[in-house]
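Contents: one structure, followed by commentary.
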Amino acid sequence: MKKLISFFKKPTVLLFLILSVSAFIRLATLEKLMVFTPDESYILYFVQTLVKNFHILWVGVSALGFDFYMGPGWLYFLYPFVLISKNDPLVIGIISSLIGVITTYVVYWFGKKLYSTKVGLLASLFYGLSSLIVFYDQQPYPNAVALISLLIAISLYMSRKNKKWLYLFAFAYGAVFHLHLSLVLLVFAGVYWVFSNRLFDTKTFLISSAIFLSVVSPMIVFDFYHNASNITAPLRVIKSMREDGKTKVSVGQKLGSVGRVLSRVWYLDQGKSNTDEILYPCNTSLEAKTTGAKLPLVLFSIVVLISFFSGKNFLKDEKKRLFFVLSLCFLIPYLTISSINSVEYYLLGFFPLFFIMTANLTANIKKPLNYLLYLLIVLFVFYNIQTVFRASGDYGLKTKRIMINKVMNYVGNSTYSLSEEGGICQGAAGWRYLYMSYGKIPLQSSEDKSFYWLWDENEISKEKAKYFVVMEDKRVSERKHEGYIEKITEGGFNAYIYEN
């Protein structure tokens with residue numbers, strides 16, 4: 001028995017268990033819980049153009065709404081998987097979930113490198129099993145944000161002893177422009193770190209610049225032929241911020257939002273839809289059943305932050321200074337830019353840093369208080385695993401596939417057109433792509449006006465369809481449907497079928 005206990009106390013065994021459970025809870029519940037929205041369909045329509053006819057992409061999806069286009073790197077990465085899976089959207093959820101498991105390992109590695117094996121294990125346990133993190137990892141967009149955030153933090157920390165780590169920083173920061181712009185301000189952390197530690201030299205600067213420019217080179221070519229729309233986007237953003245400045249930003253409301261986030265990483269109500277928990281604007285709507293802040297958890301998280309960033313040696317502790325600057329790069333825009341609207345996923349890059357801070361505090365608690373903390377950690381683990389498995393799948397991919405099968409059974413071989421209407425959360429849910437994958441392509445759809453330029457000419461028809469199918473979130477405000485010949489309900493959705 002003692003040998004068995006000592007075996008399970010080995011760090012490698014504990015890490016294997018953490019990673020195994022992290023992978024299991026993500027993949028076992030993926031089809032039930034995976035969120036699919038117009039963002040995912042937009043990305044997959046782009047990838048489809050590569051599947052149909054492989055060609056050079058200079059940019060990917062648009063972002064910000066300011067005529068800014070992300071790089072195509074993520075689309076190229078997805079291409080072989082979408083090709084092999086024959087356009088099944090589940091594949092991008094699998095990739096996203098596995099990246100979450102990889103991130104869990106990187107959290108361990110960085111925590112161990114910074115402090116100790118114990119800190120690394122605790123931090124990876126918190127990240128890998130937090131139900132909120134699991135739900136975000138199962139959502140294909142935005143993807144790899146936490147991983148890139150960690151790689152940037154690691155590259156800066158390791159550069160103290162070897163400047164070549166700044167090459168990783170250059171690559172990871174370039175990847176930001178292919179993935180998600182919530183990490184864009186981390187360049188200021190990089191500038192601060194390089195100059196405060198006197199790491200600047202011409203050779204490192206030139207090589208790092210070459211790596212960064214190589215990573216974003218497709219976007220540079222695009223800008224050359226597109227009136228520099230990307231490089232001038234910051235000017236349009238600043239202009240918009242000035243206009244937004246006329247609208248007062250409620251700092252109190254924003255701080256409350258941060259407090260809610262710091263509570264939700266530890267606890268979510270069980271039995272609720274993961275869509276309500278993570279999908280914007282569901283998680284900001286009063287009609288949705290989003291878990292609110294729990295005061296004890298908010299206070300605990302505040303204690304973690306104050307403990308980590310306080311003390312006489314704070315300015316001399318390079319680890320704390322690095323985490324402080326990185327945290328500011330996430331929290332300042334979250335608190336001050338009104339257009340962010342307290343959207344939780346803008347803090348995805350902050351979460352792994354926060355868990356490492358928490359693990360460092362937890363690992364240094366002395367007896368007998370540490371026994372209480374270990375009990376709470378055990379409760380955290382079992383409760384969050386239960387939360388994932390008990391989450392409602394009413395808006396997940398499996399529910400949508402079942403709904404599509406029912407509609408297709410009614411429509412049969414006849415033609416149909418498709419519309420997505422209403423709902424606080426899933427009024428638009430990428431239905432056309434899902435019907436294309438699990439049923440057949442409609443002659444016309446409400447997505448045509450947005451994505452038609454990514455489709456073949458023969459995918460849109462002017463022929464009048466026999467049926468008209470309306471997909472709707474069941475929680476849509478009172479709306480009367482008259483004249484339909486069939487109503488189909490599945491999970492959180494209604495489908496109304498009309499005959500033209």
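What you see below is based on every heavy atom in this structure, not just the backbone, and it leaves out hydrogens, waters and symmetry mates. Since we're looking at a predicted model, the values are computed, not measured.
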- Message: Side chains of Leu305 and Leu262, heavy atoms from C-beta outward: is any pair under 4.5 Å?
- Response: yes
- Give a yes or no answer on whether the side chain of Thr387 reaches the backbone of Ser131 with a donor-acceptor pair at less than 3.5 Å. no
- Task: Flag this pair as yes if the NZ/CZ of Lys320 is under 6.0 angstrom from the six-membered ring centre of Phe308 and inside a 45 degree cone about the axis; otherwise no.
- Result: yes
- Query: Lys294 and Asp269: side chain to side chain contact (heavy atoms under 4.5 Å, CB included), yes or no, with the steps?
  - Reply: CA-CA 11 Å; Lys294 309 302 177 186; Asp269 296 334; 3.9 Å; yes
- Task: Verify, without hydrogens or angle tests, whether Asn360 (side chain) and Ile356 (backbone) share a donor-acceptor contact under 3.5 angstrom.
- Result: no
- Message: Between Ser263 and Ala293 (side chain of the first, backbone of the second, donor and acceptor by atom type, cut-off under 3.5 Å), is there such a pair?
- Response: no
- Task: Walk me through it: do Tyr108 and Thr117 pass the test side chain to side chain contact (heavy atoms under 4.5 Å, CB included)?
- Result: CA-CA 8 Å; Tyr108 161 77; Thr117 300; 4.0 Å; yes
- Check whether any side-chain N or O of Ser155 sits under 3.5 Å from a backbone N or O of Ile152 as a donor-acceptor pair, and report yes or no. yes
- Item | Stacked cation flag Lys400 on Phe493, 6.0 angstrom / 45 deg | no
- Message: What I'd like to find out is whether the side chain of Leu397 reaches to under 4.5 Å of the side chain of Leu434, using heavy atoms alone.
- Response: yes
- Task: Measure across Leu121 and Leu14 and return the closest heavy-atom pair with its distance rounded to 0.1 Å.
- Result: CD1-CD1, 4.0 Å
- Closest non-hydrogen contact found for Phe135 with Ala391 is CZ-CB, 3.8 Å
- Note on the structure: Smallest heavy-atom separation, Leu75 atom then Leu50 atom, equals O-CD1, 4.0 Å
- Message: Return the NZ to CE distance between Lys319 and Met357, rounded to the nearest 0.5 Å.
- Response: 14.0 Å
- Query: Hey, mind stepping through Asp394 and Arg475 against salt bridge (charged side-chain N to carboxylate O under 4.0 Å, His left out) and telling me if it holds?
  - Reply: CA-CA 12 Å; Asp394 282 351; Arg475 294 179 295 183; over 6 Å; no
- Task: Take Tyr484 and Val470 through the side chain to side chain contact (heavy atoms under 4.5 Å, CB included) test and state the conclusion after the steps.
- Result: CA-CA 10 Å; Tyr484 57 86; Val470 177; over 6 Å; no
- Task: Indicate the ring-plane relationship of Phe81 and Phe77, choosing parallel, tilted or perpendicular according to the 30° and 60° boundaries.
- Result: tilted
- Message: Parallel, tilted or perpendicular: which one describes the rings of Phe46 and Tyr42, with boundaries at 30° and 60°?
- Response: tilted
- Task: Kindly assign one of parallel, tilted or perpendicular to the pair Tyr498 and Phe468, based on the angle between their ring planes and the thresholds 30° and 60°.
- Result: tilted
- Message: Please identify which of these residues, Arg264, Gln270, Glu277, Arg260, meets the side chain to side chain donor-acceptor pair (under 3.5 Å) condition with Thr291.
- Response: Glu277
- Could you grab the distance from atom OG of Ser307 to atom CD1 of Ile365, nearest 0.5 Å is fine? 8.0 Å
- Message: One pair to check against ring pair (Phe, Tyr, Trp, His ring centres under 6.0 Å): Tyr438 and Trp431. What are the steps and the verdict?
- Response: CA-CA 10 Å; Tyr438 299 133; Trp431 281 107; over 10 Å; no
- Message: Tell me whether the count of non-hydrogen atoms from other residues, nucleotides or ligands lying under 6.0 Å of NZ in Lys474 goes above 12.
- Response: yes
- Message: Any side-chain to backbone donor/acceptor pair from Ser22 onto Ile18? Under 3.5 Å, distance only.
- Response: yes
- Message: Tell me whether Tyr410 at atom OH has more than 12 heavy atoms from other residues, nucleotides or ligands lying less than 6.0 Å away.
- Response: yes
- Task: Please assess Glu344 against Tyr136 for the test side chain to side chain donor-acceptor pair (under 3.5 Å), listing each intermediate value before the final yes or no.
- Result: CA-CA 10 Å; Glu344 197 171 69; Tyr136 275 116; 2.7 Å; yes
- Evaluate the criterion side chain to side chain donor-acceptor pair (under 3.5 Å) for residue pair Asp276 and Tyr395; output intermediate values, then yes/no. CA-CA 9 Å; Asp276 284 356; Tyr395 296 91; over 6 Å; no
- Query: Is there a donor-acceptor pair closer than 3.5 Å between any side-chain N or O of Ser85 and the backbone N or O of Val82?
  - Reply: yes
- Item | Between Phe177 and Tyr173, ring centroids under 6.0 Å | yes
- Message: Could you go through Phe389 and Thr29, starting from their C-alpha distance and side-chain angles, then the distance that decides it, and tell me whether this counts as side chain to side chain contact (heavy atoms under 4.5 Å, CB included)?
- Response: CA-CA 7 Å; Phe389 280 97; Thr29 60; 3.6 Å; yes
- Message: Ring-plane angle category for Phe380 and Phe126, please: parallel below 30°, perpendicular beyond 60°, tilted otherwise.
- Response: perpendicular
- Nearest 0.5 Å, what's the OG1-CG distance between Thr358 and Leu353? 10.5 Å
- Query: Where does the angle between the aromatic ring planes of Tyr45 and Phe451 fall among parallel (under 30°), tilted (30 to 60°) and perpendicular (over 60°)?
  - Reply: tilted
